[in-house]
Participant: 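Next up is a structure, given as structure tokens.
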Amino acid sequence: MSHTTSASTPVAVVTGASSGIGAATARALAAVGYDVVLGARRVDKLERIAAECGGRAIPLDVTDDDSVAAFAAQVERCDVLVNNAGGALGTDSVAEADLDDWQWMYDVNVLGTLRVTQALLSKLVDSGDGQVITIGSIAAREPYKGGAGYNAAKHAVAALTRVLRLELLGQPVRVCEIDPGMVHTDFSLVRFKGDQAKADAVYEGVEPLTAEDVADTVSWVATRPPHVNIDQILMLARDQTSAQVVHRREA
Ligand code: NAP
């Protein structure tokens, strides 16, 4: 796809923009005037969403050094980086935890965020008003049964994000962590490895957040004046008060 970026139009990079929160965020940032660069592995979906919001789709696997380097080489300017690519695999207890699931969660959520942030940091500084907005999770704040692998990964993402904020103090880059609770996306389908019935049960009788709700928050954070750093946001549906306390209506 051909795309030209004018020198004055700010550029937002969104990882994991092929579905869910990332796709909604790409649309929301385009709507408030950003040239959006969308990265993910499923290029067909990515291109469809990029076409909808006038953005640029670039293949990206955040777990692969070469893929991240090739992606970053095609991004000339970066004003906002939304580290969104991520997810959970499994709900096993610690006693029965699957090491491969843990490895995947650590690689995509933690090392993926690290790789992309490192690759784009000098461009964020050069923009003169850069922002790193990382999608964490309530799982970063509250451990829950069956959540250890995802809890560990998102706690690590939170640590990375908060240390980055400390280390960038004095530089023209803001850092924000947005921690959503339950959001209705493909997240649970991925977590339950394609089991649609189990994924549907997560949202049964509940009105969860939508991807657009989180995207709206990303857009609000991105559009605060340059001297305002929104450090951390925990956002939950009215039907959820903590990781596993959810109000369900009878069908
Ligand atoms: P989703 O619809 O499954 O989206 C996940 C996105 O991550 C997809 O676009 C996927 O794209 C991308 N991704 C996965 N592995 C990747 C890789 N190796 N390289 C590049 N991109 C990759 O789920 P979602 O709910 O929107 O999740 C977005 C973020 O929100 C995640 O970090 C998740 O942990 C977090 N979150 C979700 C919830 C929730 O309840 N839904 C709550 C709190 C936090 P490809 O498969 O095309 O690569």
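Values reported hereafter were calculated over all heavy atoms of this structure, with side chains retained and with hydrogens, waters and symmetry mates removed. Note that the structure is a prediction, hence the values are computed from the model and not measured. Just so you know, ligand 1 is whichever comes first in the structure, and atom 1 is the first atom listed for that ligand.
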Participant: Counting only heavy atoms from other residues, nucleotides and ligands, does the tally under 6.0 Å from CZ of R249 exceed 12?
Facilitator: yes
Participant: Quick one: nearest non-hydrogen protein atom to atom 40 (O) of ligand 1, plus distance?
Facilitator: V183 N, 2.9 Å
Participant: I'd like to know if G136 contacts ligand 1, where contact means a heavy-atom distance under 4.0 Å to any ligand atom.
Facilitator: yes
Participant: Give the atoms of ligand 1, by number and element, whose distance to some non-hydrogen atom of Y150 is under 4.0 Å.
Facilitator: 33 (C), 34 (O), 35 (C), 36 (N), 44 (C)
Participant: Considering only protein heavy atoms, which is closest to atom 22 (C) of ligand 1, and at what distance to one decimal place?
Facilitator: A85 CB, 3.7 Å
Participant: State whether the number of non-hydrogen atoms from other residues, nucleotides or ligands found under 6.0 Å of Q74 atom CD is greater than 12.
Facilitator: yes
Participant: Looking only at distance, does V62 have an N or O less than 3.5 Å from an N or O of ligand 1?
Facilitator: yes
Participant: Check for me whether T15 has a heavy atom closer than 4.0 Å to any atom of ligand 1.
Facilitator: no
Participant: How far is atom 42 (C) of ligand 1 from the closest protein heavy atom, and which atom is that?
Facilitator: G181 O, 3.0 Å
Participant: Which protein non-hydrogen atom lies closest to atom 32 (O) of ligand 1, naming both residue and atom, and how far is it?
Facilitator: N84 O, 2.8 Å
Participant: Are R115 and D61 close enough, and set up right, to give a salt bridge (charged side-chain N to carboxylate O under 4.0 Å, His left out), and what steps lead you there?
Facilitator: CA-CA 10 Å; R115 284 189 187 90; D61 181 347; over 6 Å; no
Participant: For G16 and ligand 1, does the shortest N/O to N/O distance drop below 3.5 Å?
Facilitator: yes
Participant: Any link between V157 and V132 through a network of hydrophobic side chains (Ile, Leu, Val, Met, Phe, Trp, Tyr) touching at under 4.5 Å?
Facilitator: no
Participant: Of all the heavy-atom pairs spanning K154 and S137, show the shortest one and how long it is.
Facilitator: CG-CB, 3.9 Å
Participant: Is there a polar contact, in the sense of an N or O pair closer than 3.5 Å, between I138 and ligand 1?
Facilitator: no
Participant: Can you find an N or O of T185 that's nearer than 3.5 Å to an N or O of ligand 1?
Facilitator: yes
Participant: Should R41 be counted as touching ligand 1, given the test is an N or O pair under 3.5 Å?
Facilitator: yes
Participant: Against heavy atoms of S19, which atoms of ligand 1 measure under 4.0 Å?
Facilitator: 1 (P), 2 (O), 4 (O), 8 (C), 9 (O)
Participant: Strictly below 4.0 Å, N to O, side chains only: are D231 and R174 in salt-bridge contact?
Facilitator: no
Participant: I need the atoms of ligand 1 closer than 4.0 Å to a non-hydrogen atom of D61, numbered in the order shown.
Facilitator: 17 (C), 18 (N), 19 (N)
Participant: Regarding ligand 1, does R42 bring an N or O atom to under 3.5 Å of one of the ligand's N or O atoms?
Facilitator: yes
Participant: Take atom CD of Q103 as the centre, draw a 6.0 Å sphere, and report whether it contains more than 12 heavy atoms from other residues, nucleotides or ligands.
Facilitator: no
Participant: Suppose I only count heavy atoms of G20 and a 4.0 Å limit; which atoms of ligand 1 are within that range?
Facilitator: 2 (O), 26 (O)
Participant: Would you call E177-R162 a salt bridge at under 4.0 Å N-O?
Facilitator: yes
Participant: Run the salt bridge (charged side-chain N to carboxylate O under 4.0 Å, His left out) test on R238 and E207 for me, step by step, so that the C-alpha distance in whole Å, both residues' side-chain angles and the decisive distance to 0.1 Å come before the verdict.
Facilitator: CA-CA 8 Å; R238 188 175 61 185; E207 187 175 353; 5.4 Å; no
Participant: Let me see the working for R248 and D239 under salt bridge (charged side-chain N to carboxylate O under 4.0 Å, His left out), right down to the final yes or no.
Facilitator: CA-CA 7 Å; R248 291 186 197 276; D239 284 345; over 6 Å; no
Participant: Kindly identify the option in G86, S188, G87 whose heavy atom sits closest to atom 7 (O) of ligand 1.
Facilitator: G86
Participant: For the residue pair Y150 and F187, does the interplanar ring angle fall in the parallel (under 30°), tilted (30 to 60°) or perpendicular (over 60°) class?
Facilitator: tilted
Participant: Tell me whether the count of non-hydrogen atoms from other residues, nucleotides or ligands lying under 6.0 Å of OH in Y144 goes above 12.
Facilitator: yes
Participant: Find all atoms of ligand 1 within a distance of less than 4.0 Å from any non-hydrogen atom belonging to T63, and give their numbers and elements.
Facilitator: 18 (N)
Participant: Are more than 12 heavy atoms from other residues, nucleotides or ligands located less than 6.0 Å from atom NZ of K193?
Facilitator: yes
Participant: With clusters defined by side-chain heavy atoms of hydrophobic residues (ILVMFWY) lying less than 4.5 Å apart, directly or transitively, does L120 cluster with V108?
Facilitator: yes
Participant: What protein heavy atom is closest to atom 43 (C) of ligand 1, reported as residue, atom name and distance in Å?
Facilitator: P180 O, 3.2 Å
Participant: Hey, is K154 one of the residues with a heavy atom under 4.0 angstrom from ligand 1?
Facilitator: yes
Participant: Provide, to 0.1 Å, the distance between atom 37 (C) of ligand 1 and the closest protein heavy atom, together with that atom's residue and name.
Facilitator: F187 CD1, 3.8 Å
Participant: Run the numbers for me: atoms of ligand 1, each under 4.0 Å from some heavy atom of M182, listed by number.
Facilitator: 40 (O)
Participant: So between L60, V116, V214, whose heavy atom ends up nearest atom 20 (C) of ligand 1?
Facilitator: L60
Participant: Checking the N or O distance criterion of under 3.5 Å, is ligand 1 in contact with I21?
Facilitator: yes
Participant: Between D216 and S219, do the side chains contain an N or O donor and an N or O acceptor separated by less than 3.5 Å?
Facilitator: no
Participant: Any idea which protein heavy atom is nearest atom 11 (O) of ligand 1, and the distance to it?
Facilitator: S18 OG, 2.9 Å
